[in-house]
K.L.:
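Below is one structure. I have some questions about it.
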Amino acid sequence: MSKSYEAIEVSQHGKLGLIALNRPKVLNAINRPMVSEILDAMEGFEADSSIKAIVLSGNGRAFAAGADIDEMANDQAIDFELRNQFKDWDRLAMIKKPIIGAVHGFALGGGFELALCCDLLYAADNAEFGFPEVNLGVMPGAGGTQRLTKLVGKTKAMEWLFTGKRINAKEAFQHGIVNQLISEELLLEETMKVAEQIANQAPIAIRLIKEAVLKAVDTSLNEGMEFERKNFYLLFSTEDQKEGMSAFIEKRKPQFKGK
Amino acid sequence: MFETVNYEVANGVAWISLNRPDKLNAFTEQLNKEVQQAIKLASRDNEVRCLVITGEGRAFCSGQDLQGVNEDMNHGEVLRRFYNPMVLELHKCKKPVIAAVNGVAAGAGMSLALACDFRLLSDKASFLEAFIHVGLVPDAGNLYFLPKLVGHAKAMELAVLGEKVNAQEAKELGLATKVIPMEKWQDEITAFAERLAGMPTAAIAIIKKNLKASWESTLEECLERDAQGQRMAGLTLDHKEGVAAFMQKRKPVFQGK
């Protein structure tokens, strides 16, 4: 990782690629350059065969306390249309390697939306999620209304989006927004541990599982079942399937190669 | 800095003293807010490793100032806006908090003392669930903390009957860490607070957190929390210092880090 970024810090730890949001003075408020950098780093990790999983975290006191309001305060509708800034977000959703988020402190607005782009989410017990956009007379624009609703259902999504109310770590856990709550001091350590465990699984299986689970979110059960089946069949053309099953029969640990 | 609270830091201890002695330190909106702000200030101050909440004059705190109560008052809103944020700020504090109950702690004043980690009582101190005498119910976390301290049955008696509990009775109920005679009061509470401030306060923060969480956890969750807590404690300088001091047969000097 020789590239230098302004708004993020990127590093490799064994099979893990770590992206740390790094504008701590503004609680990692998300601006357009930051999203571009995140995407660039993600796509870099995606292309790097030594990386098997991506971890996303925030430096300083928060994960990301929202979007940079100054940047958009004077925007007109057509500015957004012509800039088409959300295409970066669309491309983030196309990353095929697993993305594991570690959220501490605030994950508000765009920060919450970024967290919702993760496949797994671990949170410190001081984490606070929320969509305060409504208080500014607007609404989420990078997937908030869609992803939150798919995740927790209409009832809670509507409440949180209408009121802008903060969702504390415990509530987020209870509603399935986060996988597990961890003490803040250990958040990154424990998240990396989980990520490493996933990175040591058969990579193509992980990839096709991710694809199939995401398919479930926006397709009919029938179509999803068909899709799952094809992915299942496909894994039988991998060396890792042969290795995994031989190891199971021979009662030893499998050595996956990602082939 | 504050008008209704005296705030002072000395030897690692933040002294937060309710300062409306002519009103027996009864709560007003301002006092609620200032107590909350003082706790926040002490929580953030790296010099502070222990908090003491006490009262100026002869009372600890006599509860809500009834002079501010009128027919139009929405009691629920007053709690949501002023008391609940104060109690939550206290509950969230990672440092040990002592209630130095110098005199009567009635109504929400009792609630404030119950929300602290330790209660040192002067022999002049007393607790009083005053609410029922004016047809109200214990608030500001009172019914959350009380049964955890004295058990359900005793909590029911105290809350419903509203009888005054003197210092000695409080001690027997488990509501007091210690009862201190008035002539030794200042020396003993200072010694107790400074002793806590010299302890491995990072570990105390974890103990506080895990004890609180235990009320709503399964054994499995507690065991996992133990593991995380011990991992964090194991990384502290105080742990290293404690072990080194033990090996070298000297007294450890803890920094709360």
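Letters A, B, ... mirror the listed sequences (proteins, then strands); counts begin at 1.
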K.L.:
Counting only heavy atoms from other residues, nucleotides and ligands, does the tally under 6.0 Å from CD of E224(B) exceed 12?
P.N.:
yes
K.L.:
Applying a heavy-atom distance below 4.5 Å, give me the residues of residues 225-235 of chain B that approach chain A, sorted by number.
P.N.:
Q228(B), R231(B), M232(B)
K.L.:
Salt-bridge test for K96(A) and E211(A): reply yes if a basic N is under 4.0 Å from a carboxylate O, no otherwise.
P.N.:
yes
K.L.:
Under a 4.5 Å heavy-atom cut-off, does chain A meet the side chain of E216(B), its backbone, both or neither?
P.N.:
side chain
K.L.:
Return yes when atom CE of M247(B) has more than 12 non-hydrogen atoms of other residues, nucleotides or ligands closer than 6.0 Å, and no otherwise.
P.N.:
no
K.L.:
Check whether more than 12 heavy atoms from other residues, nucleotides or ligands sit under 6.0 Å from atom CE of M156(B), and answer yes or no.
P.N.:
no
K.L.:
If you take all heavy atoms of Q30(B) and T4(B), which pair is closest and at what distance?
P.N.:
OE1-CG2, 3.6 Å
K.L.:
Check whether any side-chain heavy atom of R23(A) lies under 4.5 Å from a side-chain heavy atom of N31(A), and answer yes or no.
P.N.:
yes
K.L.:
I'd like to check Y7(B) versus I16(B) (side-chain heavy atoms, cut-off strictly below 4.5 Å). Are they in contact?
P.N.:
yes
K.L.:
Are any non-hydrogen side-chain atoms of Q37(B) and V5(B) less than 4.5 angstrom apart?
P.N.:
no
K.L.:
Which pairs pass ring pair (Phe, Tyr, Trp, His ring centres under 6.0 Å) with one or both residues in residues 162-191 of chain A, sequence neighbours excluded?
P.N.:
W160(A)-H175(A)
K.L.:
So which atom in A99(B) and which in F60(B) form the shortest heavy-atom distance, rounded to 0.1 Å?
P.N.:
CB-CZ, 4.3 Å
K.L.:
If you check every heavy atom in residues 99-128 of chain A against those of chain B, which residues fall under 4.5 Å?
P.N.:
D125(A)
K.L.:
So if I take each residue of residues 180-204 of chain A and look for any heavy atom under 4.5 Å from a heavy atom in chain B, which residues do I end up with?
P.N.:
Q180(A), L181(A), I182(A), S183(A), E185(A), L186(A), E189(A)
K.L.:
For K92(B), is it the side chain, the backbone, both or neither that has a heavy atom under 4.5 Å from a heavy atom of chain A?
P.N.:
neither
K.L.:
Quick check on side chain to side chain contact (heavy atoms under 4.5 Å, CB included): which of V101(B), V52(B), L90(B) does C116(B) satisfy it with?
P.N.:
L90(B)
K.L.:
Using a 6.0 Å cut-off, check whether atom NZ of K257(B) has over 12 heavy atoms from anything other than its own residue.
P.N.:
no
K.L.:
Would you check if the distance from the ring center of F27(B) to the ring center of F82(B) is below 6.0 Å?
P.N.:
no
K.L.:
For residues N142(B) and S111(B), report the shortest heavy-atom separation together with the two atoms involved.
P.N.:
ND2-OG, 3.0 Å
